[in-house]
Amino acid sequence: MARRPLSLQARSLLAASAVLVAFLGLTGIALDQAIHQALLKSLHDRLQSYAYGYLATSEVGRSGRWTPPEVPPDTRLDSPGSGLYASIVGPVEVDGARFSSWRSQSAYAITDIPQFDQSLKPGAEQFTAAPVAGGGGKVYVYSYGFSWEKERGPVLLTIHIAEDAVNLDAQRNVFRRSLVFTFGGLVVGLLLLLLGLVRWILQPTRRVALELGRVERGEQEQLSTDYPLELKRLARSINDFIDSERNSLKRYRNTLSDLAHSLKTPLAVVRSQLESGADGKEFRWTVLEQVGRMDQIVAYQLSRAATSGHSTFAAPILIEPHAEEIVGGLEKVYSEKNILCEFDIDPRAQFYGEEGDLLELLGNLLENAFKWARHRVLLTARVVPGAPGARRNGLICMVEDDGPGVPEDKVEHLLQRGVRGDERVQGHGIGLAIVQDLLKAYRGSLTVSKSENLGGAAFTVRFAPG
């Protein structure tokens, strides 16, 4: 079974959670390392202060014995096993007397700290950044080498201060627990805040889905347009698509209804002839006449059904190659008139719709021009740039001829269905009506005027940018 895809909300929360956890995790690691270094620095400074405290209040006697101060720098140094230890090591003899290494009372029983036996040069110091074994556990050791001036010359000594790692580890663990609780609460709080933000941000998309459901159930005609800027164009495009589909369905239903209604009369005439018992030549001509009439009706209704209408997502179609195809056929049909058809077409000129609609539109306009022209026809196509952010550019197409033209007072009558400019000229009078139906479906316009270039009629079609 196919896995259900995650919603936008779930995807956003999942991605944000991963980023948030990774960021806070890395931040926590960095903070833990920083605190650890700070604790080590504090421990180093503290142990160093203990060493300096001993050096400031102690001395080496003539007997070679180290005399510590009465009060140690920290009281733990007088408590066995307290976790804080001190030691002094030096040469075997001092002024002819044997030097005795010294340890604080807390370190009497401690013999397993190797650093306590090391000697350093005067002024050198050493601090173990990582704990070492000793004192029944692990300890941090600070060592400092110094010289003690005596009558026979300086005495080189080294003082060692050690402290159990338990104290530093305990402080670090307290910080880690605090960090975990703080960051954990922060993650939960931020995720809840993010959930609220995502729900608020995606609220318009949920409205779109809800309104689409109401449109499908017939409870609503279209989507509302009070959406954020990013969704307003989507809502407008969906509304255009809905209108286009409804108009197409309405047009198909109307075409079938008109076809059925139009065929009733010729069929009734044929039936009446059959019922009257008419025969011979009169009956034959009557049937042929009505069959011809039905053929005209069917051709007319099929032409209407071919208008597919405005398409929001239609691919652009170049004007020039289709115009050449149409003109090539018309030149054969009207070869006896020897008409010259000229093009003034912008190579960028495009029609946004069905190819059949473009052929129907140009075909009817050019055929009308060829029918009435004396010698010349001119087809012009220009691009109308749209405003910034428009989905498509506009288009102006003009078909001109050098024929008799159309009087201004007869333009409206000429554009009606079934009306021909001259009854003596062969045709059905529906070509320009089909053009108007197409333009209505594509939200275009048609104007008829006098041609300034050729002197005849000029039919101008305009499609606004969208």
Side-chain angles (χ1 to χ4, degrees), residues 1-17 192 194-261 301-317 350-361 386-395 434 436-445 463-466:
M1 187 173 68
R3 186 175 61 179
R4 181 180 178 182
L6 293 175
S7 65
L8 290 177
Q9 178 175 299
R11 290 171 182 266
S12 301
L13 287 176
L14 186 61
S17 300
L192 291 176
L194 183 63
L195 175 61
L197 289 175
V198 169
R199 290 182 63 86
W200 177 70
I201 292 173
L202 295 180
Q203 184 180 6
T205 61
R206 288 194 295 272
R207 280 184 53 206
V208 170
L210 292 174
E211 289 192 0
L212 279 176
R214 287 196 288 268
V215 170
E216 290 175 354
R217 295 190 297 269
E219 301 173 1
Q220 188 172 325
E221 290 293 324
Q222 288 185 330
L223 299 181
S224 60
T225 56
D226 57 336
Y227 287 106
L229 180 63
E230 293 80 4
L231 293 179
K232 188 169 291 185
R233 285 185 58 186
L234 173 64
R236 188 170 65 246
S237 297
I238 293 176
N239 285 337
D240 291 345
F241 181 75
I242 292 173
D243 288 342
S244 176
E245 292 300 306
R246 285 176 176 168
N247 290 336
S248 297
L249 180 60
K250 182 179 180 181
R251 186 173 64 253
Y252 294 147
R253 288 175 176 173
N254 291 341
T255 300
L256 291 176
S257 177
D258 293 347
L259 179 61
H261 183 270
Q301 297 296 348
L302 286 177
S303 298
R304 286 188 60 193
T307 58
S308 62
H310 175 78
S311 179
T312 301
F313 305 105
I317 303 173
Q350 296 175 322
F351 173 76
Y352 291 87
E354 298 294 332
E355 182 177 348
D357 293 342
L358 175 61
L359 294 174
E360 191 74 21
L361 182 67
R391 294 192 300 268
R392 59 186 62 169
N393 292 323
L395 176 67
I434 292 174
Q436 291 216 99
D437 286 344
L438 278 165
L439 293 177
K440 182 179 179 181
Y442 281 94
R443 302 170 188 171
S445 63
F463 297 97

If you take the centroid of each ring, where Trp contributes its six-membered ring, are F351 and Y442 closer together than 6.0 Å? yes

Rounded to the nearest 0.5 Å, how far apart are CD of E354 and CG of L359? 11.0 Å

Taking salt bridge (Lys or Arg N to Asp or Glu O under 4.0 Å) as the test, write out the residues that go with E355, two or more places apart. none

Tell me, with the steps shown, if F463 and L439 meet side-chain contact (heavy atoms from CB on, under 4.5 Å). CA-CA 8 Å; F463 297 97; L439 293 177; 3.5 Å; yes

Taking every non-hydrogen atom, the tightest pair across G353 and I317: O-CD1, 3.2 Å

Inter-residue atom distance R443.CZ - D240.CG, 0.5 Å rounding: 4.5 Å

Hey, what do you get for NZ (K232) to OG (S237), rounding to the nearest 0.5 Å? 13.0 Å

Count the heavy atoms of every other residue, nucleotide or ligand shown that sit under 6.0 Å from CD of E221, and state whether that count exceeds 12. no

Take atom CZ of R199 as the centre, draw a 6.0 Å sphere, and report whether it contains more than 12 heavy atoms from other residues, nucleotides or ligands. no

Under the salt bridge (Lys or Arg N to Asp or Glu O under 4.0 Å) test, residues paired with R233 that sit two or more places apart: none

Tell me the closest heavy-atom pair linking G386 and P465, and the distance in Å. CA-CB, 3.6 Å

Could you work out, with side-chain contact (heavy atoms from CB on, under 4.5 Å) as the rule, every residue matching L212, not counting sequence neighbours? V208, L223, I238

What pairs with E219 under salt bridge (Lys or Arg N to Asp or Glu O under 4.0 Å), at least two apart in sequence or on another chain? R217

To the nearest 0.5 Å, tell me how far L358 CG sits from Q350 CD. 11.0 Å

R207: what forms a side chain to side chain donor-acceptor pair (under 3.5 Å) with it, not counting sequence neighbours? S224, D226

Tell me, please, which residues at least two apart from T205 pass side-chain contact (heavy atoms from CB on, under 4.5 Å). L202, L231

